[in-house]
Amino acid sequence: MSEALKNLIDSIDQLSTREKALAAHCLLSAMDGRADDDVEQEWLSLAEKRSNELQSGKVSPTTWDQIKQKL
């Protein structure tokens, strides 16, 4: 792990919610845009797993309002 990433992880709790969102946006924007086939498949598998969990009742959905109250 690079020193820059270690510093970011160590200081993430010091950021406001808005700063965290901006940091996430900057990180995503900095990606080169080329899709990695393995990552694509992992996302698809995760999405299918989560969908099955919701449909089976194993987990229940959380509304955006519930999430905002926890922030």
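By convention here, the first residue in the shown sequence is residue 1.
Note that NZ of Lys68 and CG of Asp65 are 4.5 Å apart. Values are rounded to the nearest 0.5 Å.
In this structure, the side chains of Ile12 and Ile9 stay at 4.5 Å or more apart for every pair of heavy atoms. Inter-residue side-chain proximity for Lys20 and Thr17 is flagged as unmet; no heavy-atom pair is nearer than 4.5 Å.
Taking Ser51 as the reference, Gln55 meet the side-chain contact (heavy atoms from CB on, under 4.5 Å) condition, with sequence neighbours excluded.
For the residue pair Ser16 and Glu19, the shortest heavy atom distance occurs at N-OE1, 2.8 Å.
Placement of Leu46 and Val39 within a single hydrophobic cluster is found when ILVMFWY residues are connected by side-chain heavy-atom separations under 4.5 Å, directly or transitively. The cluster map of Ile, Leu, Val, Met, Phe, Trp and Tyr, joined by side-chain heavy atoms under 4.5 Å apart, puts Leu15 and Leu27 in the same cluster.
The main-chain N or O of Thr63 is found under 3.5 Å from a side-chain atom of Gln66 such that the two form a donor-acceptor pair.
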Decide yes or no on side chain to side chain contact (heavy atoms under 4.5 Å, CB included) for Glu3 and Asn7, but give the supporting numbers first. CA-CA 6 Å; Glu3 193 64 32; Asn7 290 337; 3.7 Å; yes
